[in-house]
Number of protein chains: 2
Amino acid sequence: MVTEEMREPTFLVLSALADAPRHGYGVMREVLDMSDGRVRLRTSTLYAALERLLADGLVAEAGRETVDGRLRRYYALTDPGRERLTAEVARLTANAAEADRRLRLRPATA
Amino acid sequence: MVTEEMREPTFLVLSALADAPRHGYGVMREVLDMSDGRVRLRTSTLYAALERLLADGLVAEAGRETVDGRLRRYYALTDPGRERLTAEVARLTANAAEADRRLRLRPATA
DNA sequence: GCGGGATATGCCGCTGGCCGACCTATGCTG
DNA sequence: CAGCATAGGTCGGCCAGCGGCATATCCCGC
């Protein structure tokens, strides 16, 4: 696995599923919440991402239920999904740390 | 400024210019080095990114010179560029920390 | 002296994730 | 009954990055 770049919306979807399985709309709310209102996923982005993650085996369907006449499709992070997310966290952390180090090497308005 | 997502190659270009001005090929080497050989920028990606960053005012031309008959175009991070990179670092750090927190809430193979 | 890699810059066509807009449907609240 | 939250989805287009290619010089090994 070459760990190619993962875009932010996709990363946040995996992140939202890291602690518990959720349904699509639940992921949307969770992402909005955990990004302090910064990232509002479009349904096109959300469902396309979930389809892609399902196809890649990073996420699996975790049952369906109907609440108040509305269908809910649940999704859960798989083990490969956890590994992938962990790898992404390491990449982001390393990138951020290195950039921060470089910024400190030459402070603003030197 | 809404700080929309910045892709990894672009982020690494800004990062490579954070400590000192460099020319295109120098940025390429620096990115390769600081990513431990993981990210080898294509010239199409590199020069397109530099053009875009110039147009956005995040990077400025910092002189040209000819060494061994080869032209070098130097680029430097501007103040807005520093601010933007700093904001990106904050975003990456926050995303990584939040994902990490969630992964720990439900450890692997629970 | 000749092929190949490093140095250095650049163009062109395509792909794929995301965005914007839109659609269907139910339940709750003002 | 209008409007919003909830819940799922489609479709067209944009654009950063990728892969391939072009150009040119310098240096090293054979």
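In what follows, chains are A, B, ... by sequence order, proteins preceding strands, each numbered from 1.
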So, [X] side chain and [Y] main chain: donor-acceptor pair closer than 3.5 Å or not?
X	Y	value
A:Ser35	A:Val31	yes
B:Arg106	A:Ala20	no
A:Thr66	A:Leu71	no
B:Ser15	B:Phe11	no
A:Glu30	A:Ala16	no

Scan A:Arg70 against the nucleic acid and name what it touches under 4.0 Å (heavy atoms): base, sugar-phosphate only, or nothing.
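Since a base atom lies under 4.0 Å of A:Arg70, the category is base.
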Heavy atoms from C-beta onward define the side chain here; which of [options] lies closest to that of [X]?
X	options	result
A:Tyr75	C:dC18, C:dT7, D:dG9	D:dG9
A:Arg52	C:dG17, D:dG8, D:dC11	C:dG17
A:Arg72	C:dG10, D:dA7, D:dG17	D:dA7

[N] [atom2] sits how many Å from [X] [atom1], rounded?
X	N	atom1	atom2	answer
B:Leu50	C:dC11	CG	C1'	15 Å
B:Glu8	D:dC18	CD	P	9 Å
A:Glu5	D:dC18	CD	P	8 Å
B:Arg42	D:dA22	CZ	C1'	18 Å
A:Glu51	D:dG9	CD	P	7 Å
B:His23	C:dT9	NE2	C1'	10 Å
B:Arg22	C:dT9	CZ	P	13 Å
A:Arg64	D:dG9	CZ	C1'	13 Å

With respect to the phosphate group of [N], does any side-chain polar atom (N or O) of [X] fall under 4.0 Å of OP1 or OP2?
X	N	value
B:Arg73	C:dG10	yes
A:Thr10	C:dG17	no
A:Thr45	C:dC19	yes
A:Tyr47	D:dG9	no
A:Arg7	C:dG16	no

Quick one: on DNA chain C, does A:Ala48 or B:Gly26 contact a more 5' nucleotide (nearest heavy atom)?
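Counting from the 5' end, the first nearest nucleotide belongs to B:Gly26.
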Looking at the base of D:dG19, is there any donor atom on it, or on the side chain of B:Ser44, that sits under 3.5 Å from an acceptor on the other one?
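Side chain to base: pair present.
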